[in-house]
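Everything numeric here is computed off the predicted structure, so don't read it as measured data. Any value given below was found using the heavy atoms of this structure, including those in side chains, with hydrogens, waters and symmetry copies removed. The sequence lines fix the lettering, A, B, ..., with proteins before strands; numbering per chain opens at 1.
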Amino acid sequence: AQSVTQPDIHITVSEGASLELRCNYSYGATPYLFWYVQSPGQGLQLLLKYFSGDTLVQGIKGFEAEFKRSQSSFNLRKPSVHWSDAAEYFCAVAASGNTPLVFGKGTRLSVIA
Amino acid sequence: KAGVTQTPRYLIKTRGQQVTLSCSPISGHRSVSWYQQTPGQGLQFLFEYFSETQRNKGNFPGRFSGRQFSNSRSEMNVSTLELGDSALYLCASSENRAEAFFGQGTRLTVV
(Lines give C-alpha, C1' and ligand atoms only; values in the text may rest on other atoms or scores of the structure.)
Protein backbone atom coordinates (compact mmCIF):
# COMPACT_ATOMS: atom_id res chain seq x y z
CA ALA A 1 0.00 0.00 0.00
CA GLN A 2 1.10 3.53 -0.64
CA SER A 3 2.01 5.92 2.15
CA VAL A 4 3.04 9.55 2.30
CA THR A 5 5.27 11.26 4.83
CA GLN A 6 5.43 14.99 5.35
CA PRO A 7 8.21 15.35 7.93
CA ASP A 8 7.46 18.94 8.88
CA ILE A 9 4.29 19.56 10.87
CA HIS A 10 4.71 23.32 10.99
CA ILE A 11 6.99 25.72 9.13
CA THR A 12 7.33 29.46 9.60
CA VAL A 13 8.90 31.62 6.91
CA SER A 14 9.29 35.34 6.41
CA GLU A 15 7.37 37.02 3.64
CA GLY A 16 9.54 37.14 0.53
CA ALA A 17 11.68 34.20 1.60
CA SER A 18 11.86 30.96 -0.33
CA LEU A 19 9.94 27.89 0.70
CA GLU A 20 10.42 24.15 0.41
CA LEU A 21 7.94 21.65 1.80
CA ARG A 22 9.06 18.05 1.91
CA CYS A 23 7.13 14.99 0.84
CA ASN A 24 8.30 11.39 0.72
CA TYR A 25 6.20 8.53 -0.54
CA SER A 26 6.33 4.80 -0.35
CA TYR A 27 5.30 2.89 -3.44
CA GLY A 28 6.95 0.34 -5.67
CA ALA A 29 6.36 2.06 -8.97
CA THR A 30 5.98 5.68 -9.99
CA PRO A 31 2.74 6.89 -8.51
CA TYR A 32 0.55 9.82 -9.39
CA LEU A 33 1.66 12.68 -7.12
CA PHE A 34 -0.23 15.76 -6.00
CA TRP A 35 0.06 18.82 -3.81
CA TYR A 36 -3.07 20.38 -2.35
CA VAL A 37 -3.54 23.50 -0.23
CA GLN A 38 -6.23 24.06 2.37
CA SER A 39 -7.11 27.40 3.94
CA PRO A 40 -8.85 27.33 7.34
CA GLY A 41 -12.39 26.03 7.11
CA GLN A 42 -12.10 25.40 3.39
CA GLY A 43 -11.76 22.45 1.08
CA LEU A 44 -8.65 21.40 -0.78
CA GLN A 45 -7.33 23.17 -3.84
CA LEU A 46 -5.01 21.39 -6.26
CA LEU A 47 -1.68 23.18 -6.67
CA LEU A 48 0.00 20.79 -9.08
CA LYS A 49 0.27 17.18 -10.13
CA TYR A 50 2.81 14.78 -11.59
CA PHE A 51 2.01 11.70 -13.62
CA SER A 52 5.02 11.24 -15.89
CA GLY A 53 7.48 13.12 -18.08
CA ASP A 54 9.36 16.21 -16.99
CA THR A 55 10.21 15.80 -13.32
CA LEU A 56 9.85 19.52 -12.58
CA VAL A 57 6.22 20.55 -12.66
CA GLN A 58 4.76 24.01 -12.46
CA GLY A 59 1.56 24.74 -10.64
CA ILE A 60 -0.70 27.59 -9.72
CA LYS A 61 0.20 30.52 -7.47
CA GLY A 62 3.87 30.31 -8.41
CA PHE A 63 4.47 26.87 -6.90
CA GLU A 64 6.59 24.14 -8.43
CA ALA A 65 7.53 20.63 -7.39
CA GLU A 66 10.27 18.24 -8.36
CA PHE A 67 9.87 14.48 -8.56
CA LYS A 68 13.00 12.58 -7.55
CA ARG A 69 12.58 8.87 -8.07
CA SER A 70 15.86 7.97 -6.36
CA GLN A 71 14.75 9.71 -3.18
CA SER A 72 11.03 8.88 -3.46
CA SER A 73 10.38 12.54 -2.95
CA PHE A 74 8.11 15.19 -4.40
CA ASN A 75 9.05 18.45 -2.67
CA LEU A 76 7.08 21.64 -3.15
CA ARG A 77 8.89 24.93 -3.67
CA LYS A 78 8.15 28.60 -4.07
CA PRO A 79 10.86 31.23 -4.61
CA SER A 80 9.12 34.05 -2.74
CA VAL A 81 6.35 33.48 -0.22
CA HIS A 82 3.44 35.88 0.17
CA TRP A 83 1.40 36.31 3.34
CA SER A 84 -1.59 34.82 1.52
CA ASP A 85 0.29 31.51 1.20
CA ALA A 86 -0.27 30.81 4.89
CA ALA A 87 -2.32 27.60 4.89
CA GLU A 88 -2.00 23.85 5.28
CA TYR A 89 -0.34 21.92 2.51
CA PHE A 90 -0.99 18.28 1.73
CA CYS A 91 1.00 15.91 -0.41
CA ALA A 92 -0.99 13.02 -1.88
CA VAL A 93 -0.26 9.91 -3.87
CA ALA A 94 -2.33 7.52 -5.97
CA ALA A 95 -1.13 4.26 -7.42
CA SER A 96 -2.87 5.08 -10.67
CA GLY A 97 -5.77 7.05 -12.04
CA ASN A 98 -8.07 4.33 -10.71
CA THR A 99 -7.18 4.35 -7.03
CA PRO A 100 -8.05 6.75 -4.22
CA LEU A 101 -5.74 9.48 -2.99
CA VAL A 102 -3.57 8.75 0.04
CA PHE A 103 -2.68 11.93 1.87
CA GLY A 104 0.18 12.92 4.11
CA LYS A 105 -0.59 14.48 7.49
CA GLY A 106 0.01 17.94 6.14
CA THR A 107 2.39 20.83 6.81
CA ARG A 108 1.06 24.05 8.27
CA LEU A 109 2.76 27.11 6.82
CA SER A 110 2.89 30.36 8.75
CA VAL A 111 4.17 33.54 7.11
CA ILE A 112 5.58 36.38 9.19
CA ALA A 113 6.32 39.93 8.14
CA LYS B 1 -18.62 25.75 -14.28
CA ALA B 2 -19.85 25.73 -10.75
CA GLY B 3 -17.60 23.94 -8.26
CA VAL B 4 -18.35 21.03 -5.99
CA THR B 5 -21.18 21.91 -3.63
CA GLN B 6 -21.59 20.28 -0.25
CA THR B 7 -24.58 20.75 2.00
CA PRO B 8 -24.99 21.53 4.75
CA ARG B 9 -21.80 23.31 5.69
CA TYR B 10 -22.25 22.71 9.41
CA LEU B 11 -24.14 20.11 11.41
CA ILE B 12 -24.51 19.35 15.08
CA LYS B 13 -25.90 15.94 15.97
CA THR B 14 -26.33 13.90 19.13
CA ARG B 15 -24.70 10.53 19.74
CA GLY B 16 -26.81 7.71 18.39
CA GLN B 17 -28.49 9.79 15.73
CA GLN B 18 -27.91 9.40 12.02
CA VAL B 19 -26.90 12.03 9.50
CA THR B 20 -26.97 12.45 5.72
CA LEU B 21 -24.55 14.69 3.87
CA SER B 22 -24.96 15.77 0.28
CA CYS B 23 -22.51 16.47 -2.52
CA SER B 24 -23.22 17.91 -5.96
CA PRO B 25 -20.25 17.37 -8.26
CA ILE B 26 -19.04 19.58 -11.05
CA SER B 27 -21.29 19.24 -14.08
CA GLY B 28 -20.12 16.36 -16.25
CA HIS B 29 -18.10 14.66 -13.53
CA ARG B 30 -19.22 11.11 -12.90
CA SER B 31 -16.85 10.17 -10.08
CA VAL B 32 -17.50 11.31 -6.53
CA SER B 33 -15.24 10.45 -3.61
CA TRP B 34 -15.70 11.10 0.10
CA TYR B 35 -12.97 11.77 2.65
CA GLN B 36 -13.01 12.27 6.40
CA GLN B 37 -10.61 14.81 7.88
CA THR B 38 -9.79 14.84 11.58
CA PRO B 39 -6.88 16.41 13.50
CA GLY B 40 -5.68 13.02 14.68
CA GLN B 41 -6.07 10.83 11.61
CA GLY B 42 -5.77 13.43 8.87
CA LEU B 43 -7.48 12.83 5.56
CA GLN B 44 -8.88 9.34 5.12
CA PHE B 45 -10.70 7.91 2.13
CA LEU B 46 -14.23 6.70 2.74
CA PHE B 47 -15.56 5.58 -0.63
CA GLU B 48 -15.89 6.46 -4.28
CA TYR B 49 -18.88 6.24 -6.58
CA PHE B 50 -18.85 6.21 -10.33
CA SER B 51 -22.00 6.08 -12.42
CA GLU B 52 -24.09 5.07 -9.38
CA THR B 53 -21.76 2.19 -8.45
CA GLN B 54 -19.36 2.05 -5.55
CA ARG B 55 -15.95 1.63 -7.12
CA ASN B 56 -13.65 1.82 -4.12
CA LYS B 57 -14.15 1.62 -0.38
CA GLY B 58 -11.92 2.67 2.48
CA ASN B 59 -11.48 1.05 5.85
CA PHE B 60 -14.48 2.42 7.71
CA PRO B 61 -17.20 0.57 9.61
CA GLY B 62 -20.51 -0.29 7.99
CA ARG B 63 -22.15 2.65 9.77
CA PHE B 64 -20.73 4.75 6.96
CA SER B 65 -22.54 4.32 3.68
CA GLY B 66 -23.11 6.22 0.52
CA ARG B 67 -24.92 6.30 -2.72
CA GLN B 68 -24.92 8.13 -6.02
CA PHE B 69 -27.86 9.18 -8.10
CA SER B 70 -28.29 9.22 -11.85
CA ASN B 71 -27.43 12.93 -11.97
CA SER B 72 -24.11 12.09 -10.21
CA ARG B 73 -25.11 13.79 -6.97
CA SER B 74 -23.98 11.76 -4.00
CA GLU B 75 -25.00 11.34 -0.41
CA MET B 76 -23.21 9.78 2.48
CA ASN B 77 -24.93 8.53 5.58
CA VAL B 78 -23.57 7.84 9.00
CA SER B 79 -25.79 5.88 11.35
CA THR B 80 -25.54 5.56 15.12
CA LEU B 81 -23.21 8.53 15.43
CA GLU B 82 -20.29 8.39 17.81
CA LEU B 83 -18.28 11.26 19.27
CA GLY B 84 -15.33 10.15 17.13
CA ASP B 85 -17.31 10.80 13.97
CA SER B 86 -16.88 14.52 14.52
CA ALA B 87 -14.89 15.64 11.50
CA LEU B 88 -14.80 17.63 8.31
CA TYR B 89 -16.28 15.50 5.54
CA LEU B 90 -14.95 16.38 2.11
CA CYS B 91 -16.38 15.41 -1.21
CA ALA B 92 -14.34 15.40 -4.40
CA SER B 93 -15.47 15.03 -7.97
CA SER B 94 -13.43 14.15 -11.00
CA GLU B 95 -13.84 13.63 -14.68
CA ASN B 96 -10.92 11.40 -15.44
CA ARG B 97 -9.79 10.41 -11.93
CA ALA B 98 -6.48 12.09 -12.52
CA GLU B 99 -7.53 15.33 -10.89
CA ALA B 100 -9.95 15.62 -8.01
CA PHE B 101 -11.82 18.84 -7.22
CA PHE B 102 -12.88 19.23 -3.63
CA GLY B 103 -15.87 20.93 -2.08
CA GLN B 104 -15.65 23.11 1.01
CA GLY B 105 -16.76 20.26 3.22
CA THR B 106 -19.38 19.63 5.85
CA ARG B 107 -18.29 20.15 9.44
CA LEU B 108 -20.04 17.54 11.58
CA THR B 109 -20.00 17.86 15.34
CA VAL B 110 -21.35 15.00 17.43
CA VAL B 111 -22.27 15.87 21.01
> Cation over ring, B/Arg55 on B/Phe50, under 6.0 Å and within 45°?
Replying inline: yes

> Within 45 degrees of the axis of the six-membered ring of A/Phe63 and under 6.0 Å from its centre: does A/Lys78 put its NZ or CZ there?
Replying inline: yes

>> If I measure from the heavy atoms of chain A, does B/Gln37 come under 4.5 Å with its side chain, its backbone, both, or neither?
In response: side chain

> Does the ring-ring contact (aromatic ring centres under 6.0 Å, His included) test come out yes or no for B/Phe102 and B/Tyr35, once each step is laid out?
Replying inline: CA-CA 10 Å; B/Phe102 283 81; B/Tyr35 292 82; 5.7 Å; yes

>> Less than 4.5 Å to any heavy atom of chain B: does that hold for the side chain of A/Gln38, its backbone, both, or neither?
In response: side chain

>> Quick check on B/Arg9 against chain A: is it the side chain, the backbone, both or neither that has a heavy atom closer than 4.5 Å?
In response: side chain

> Is it true that B/Phe47 and B/Phe45 have ring centroids separated by less than 6.0 Å?
Replying inline: no

> Contact part of B/Leu43 toward chain A, heavy-atom cut-off under 4.5 Å: side chain, backbone, both or neither?
Replying inline: both

